[in-house]
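Just so you know, these numbers use all the heavy atoms, side chains as well, and skip hydrogens, waters and symmetry mates. Sequence lines set the chain letters: A, B, ... in the order given, protein chains first and strands last, and positions in each chain run from 1.
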Amino acid sequence: MAKATFQKPKGTADLLPEQTAQWQHIENIARLLFRDYNFKEIRTPMFENFEVFSRSAGDTSDVVTKEMYDFHDKGDRHIALRPEGTAGVVRAFVENKLYGPEFDKPYKAFYIGPMFRYERPQAGRFRQFHQIGVEAFGSESPALDVEVIAMAIDFFKTLGLENLRVAINTLGDQLSRDQYRQALIDYLRPHATELSQDSQERLDKNPLRVLDSKDPKDQKFVANAPSILDYLSDEATQHWQTVKEMLTALNIDFVIDATMVRGLDYYNDTIFEIMTVDDSLKGAATIAGGGRYSGLVKEFGGPETPGVGFGIGMERLISLLIAQNVAPTIDNTLDFYVVNIGKQTDVVATQIVQAVRSFGYAAERDYLSRSAKAQFKTADRHKSQYVITIGETELYNHVANIKNMSTGQQQTIKLADLYTDLPTIIDSEGDN
RNA sequence: GCGGUAGUGGUGAAGUGGUUAACACACUGGUUUGUGGAUCCAGCAUGCGAGGGUUCGAUCCCCUUCUACCGCCCCA
């Protein structure tokens, strides 16, 4: 490394061809599967006005208070790189009036793309990472909560993952939440000074998030804290019950985690996380998280419209696929390699590769005037099925040699035939 | 934002305050004046993340910085 003046920004990654194949595999499966559920792809900007995120994720959320990748542009606009997908989709939903009568309800959309969070990189955590997410707007049906959860699980199963744990909880509706919030404050307030510094602040701003704390000082209080499940309104209870029943009806195993809160403030009713129990991803076990939210569309100026969705972390997903040995093997094999010997053959060699490619075969040639041996080695390394050799003698006679690399058989054919009948020549190879 | 560990060629790595920085893989060439997977031979870091400092002299000591990995917080 003579002068490594340029390095990629902290927490980013270059995805090289060996890896992109893997990414494409996952994306392809997502697109195919989500289509089965009638979700359509939506693409929104990778950056938005800062307020789009601060208003939706919640002013007290960690994402907004310390992880926002934001800056002021040349027009002095306060811009933020999107830290998650929902806010932008909701903004687009409202801005494009997708709540209009001509659109399906629920309106189902999915997205695949990079997200940004300004934090210290570590296992399963990057400044630029990628999510596959879905959102469905316009129905309060618990069946939709369940469908979204089922789709995530379907996706992971299709990819071949095992040992997944689905945790669900409910945050109830506004009424339940308000009552619970008060109960929680009443419970925690007397112990306020014994809580961690962070949680003391949370107590005022967003007491539910105290439940999320991993600090041992807080944990002992969290353990005996009142449960949201005891404060659900009749309506919220009904919703919650139905979600559980439907999950059971679909044979989806789940655990109820009454202390699960989620990091974004906009959720209500059903929330869920899907994590691996695989040891390899200890610090980053959660590969998907999501839930229902009802105030967001209104917050962005649209009509009161409920939504439900999830986000899947692609980097974590890929680590898990690798850890569980279900990553697909990629095919980099060539069908043909064109060995050319001598300067004079340069033009024909180009004509030949192009002709071969025009038949739909993957083909490569040598551009470095290397020895025939070196070119064959390269062909071999690419596991090329056939090698076409063109030297000056062949050129003079208007022929080329085709060698089957697995049998070692080589035949001489006319260039004219190669250009018109290559597939036939290959097919009939064993016949004569 | 805080803490821990690390940074030598394309890769995996050894190494020492002092003339030419092991070894292996990969790659290139040759052994076979135009034909692959084997053998053997040869070549392949004026450089030890970057910038300062100590020293007669530093890849090896000190400081700063950058980056990576891991942990805390939190999350995907």
Is there a donor and acceptor pair closer than 3.5 Å between the side chain of [X] and the base of [N]?
| X | N | answer |
| --- | --- | --- |
| A/Lys377 | B/rU28 | no |
| A/Gln122 | B/rG4 | no |
| A/Arg262 | B/rC75 | no |
| A/Arg117 | B/rA76 | yes |
| A/Gln410 | B/rU35 | yes |
| A/Arg120 | B/rC73 | no |

For [N], what is the paired nucleotide under Watson-Crick or G-U wobble rules, both distances under 3.5 Å?
| N | answer |
| --- | --- |
| B/rG36 | none |
| B/rC72 | B/rG1 |
| B/rC61 | B/rG53 |
| B/rG7 | B/rC66 |
| B/rU16 | none |

Does [N] have OP1 or OP2 sitting under 4.0 Å from an N or O in the side chain of [X]?
| X | N | value |
| --- | --- | --- |
| A/Arg381 | B/rC27 | yes |
| A/Arg125 | B/rC72 | no |
| A/Arg202 | B/rC73 | no |
| A/Lys10 | B/rC66 | no |

We want to know whether [X] and [Y] form a side-chain donor-acceptor pair, criterion being a heavy-atom distance below 3.5 angstrom.
| X | Y | answer |
| --- | --- | --- |
| A/Asp427 | A/Thr424 | no |
| A/Arg365 | A/Thr350 | yes |
| A/Glu394 | A/Asn401 | yes |

Over all strands shown, is [X] touching base, sugar-phosphate only, or nothing at heavy-atom distances under 4.0 angstrom?
| X | result |
| --- | --- |
| A/Ser371 | sugar-phosphate |
| A/Gly290 | nothing |
| A/Ile287 | sugar-phosphate |
| A/Lys403 | base |
| A/Gln375 | nothing |
| A/Glu84 | nothing |
| A/Gly124 | base |

field: Pairwise distance NZ(A/Lys10) to CD(A/Glu119) - rounded to 0.5 angstrom
entry: 12.0 Å
Where the side chain of [X] is defined as all heavy atoms beyond and including C-beta, which of [options] is the nearest nucleotide?
| X | options | value |
| --- | --- | --- |
| A/Glu394 | B/rG71, B/rU28, B/rG34 | B/rG34 |
| A/Lys66 | B/rG37, B/rC75, B/rC73 | B/rC73 |
| A/Thr389 | B/rC75, B/rG34, B/rG29 | B/rG34 |

- request: Provide the distance between the two P atoms, one in B/rU54 and one in B/rU16, to the nearest whole Å.
  value: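 Comparing P positions in B/rU54 and B/rU16 gives a spacing of 26 Å.
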query: So which one's nearest nucleotide on RNA chain B is more toward 5', A/Lys8 or A/Gly313?
result: A/Lys8
- request: Give a yes or no on whether the ring-centroid distance for A/Phe39 and A/Phe110 is below 6.0 angstrom.
  value: no
